[in-house]
Amino acid sequence: MGALLSARLSSNILKALKLNIPCFFWTDSKITYFWVRGQPEKFKPFIKNRIQKLTSPSNWHHCPGIQNPTDIVSRGMKISRLLNDTSWLLGPEWLRLPPEFCPESKNKDSPNSPDLEYEKSNDIV
């Protein structure tokens, strides 16, 4: 749902401001990453008819969970430390650097097939 919200929000902002610029998306979920980067015909309609129609799969990237600033609070950080942590407001440092400093999205380890919602085949065996 977070990926769909991101896709819809970016689409609506681009339309409202009449912008034609690329948007880049980051997820720390390997399952979400493989859904949005995968072949649309393999997945259930939720993936292929919603997320992939609003965004380009090549604009999605995987961010290791440990580097995801939105997870800071769920890791039990004290509020005093949170106030001084720039990653909470600005994101990880690599996000402000040239693309070669971003985490590699080369992870070839696909989540287990049962974790991915593939569309059922109508083939009779």
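The structure presented is a predicted model; accordingly, all values stated were derived computationally and were not measured.
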Is a side-chain donor or acceptor of T55 paired with a backbone partner of Q52 at a separation under 3.5 angstrom?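 No, because the side chain of T55 does not come within donor-acceptor range (under 3.5 Å) of the backbone of Q52.
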
Verify, without hydrogens or angle tests, whether R96 (side chain) and G91 (backbone) share a donor-acceptor contact under 3.5 angstrom.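 Side chain of R96 to backbone of G91, a donor-acceptor pair under 3.5 Å: yes, one is there.
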
Distance-minimising heavy-atom pair for V36 and P57: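 Heavy atoms only, the tightest pair is O-CB, 3.0 Å.
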
To the nearest 0.5 Å, what is the distance between [atom1] on [X] and [atom2] on [Y]?
X: M1; Y: S6; atom1: CE; atom2: OG; result: 11.0 Å
X: F25; Y: Y33; atom1: CZ; atom2: OH; result: 14.5 Å
X: L95; Y: S87; atom1: CG; atom2: OG; result: 11.0 Å

N59: partners by side chain to side chain donor-acceptor pair (under 3.5 Å), with sequence neighbours left out: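 Residues passing side chain to side chain donor-acceptor pair (under 3.5 Å) with N59: none at all.
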
Does one hydrophobic cluster hold both L54 and I21, with members joined at side-chain heavy-atom distances below 4.5 Å?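 Result: no, two separate clusters.
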
F24 reachable from L19 in the ILVMFWY side-chain graph, under 4.5 Å edges: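 In one cluster with L19: F24, no.
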
No-hydrogen, no-angle side-chain donor-acceptor test under 3.5 Å, S29 and T27: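 Side chains of S29 and T27: no pair found under 3.5 Å.
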
Would you please test W94 and F101 for ring-ring contact (aromatic ring centres under 6.0 Å, His included) and show each step? CA-CA 6 Å; W94 51 260; F101 291 97; over 10 Å; no

Shared-cluster residues of L5, by chain and number - hydrophobic side chains joined below 4.5 Å: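 Besides L5, the hydrophobic cluster comprises nothing; the residue is isolated.
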
Could you check if a side-chain atom of I51 sits within less than 4.5 angstrom of a side-chain atom of W60, using non-hydrogen atoms only?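 When only atoms from C-beta onward are counted, W60 and I51 do touch, with a gap below 4.5 Å.
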
Non-hydrogen side-chain atoms of H61 and C102 separated by less than 4.5 Å: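 With C-beta onward as the side chain, the pair stays apart.
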
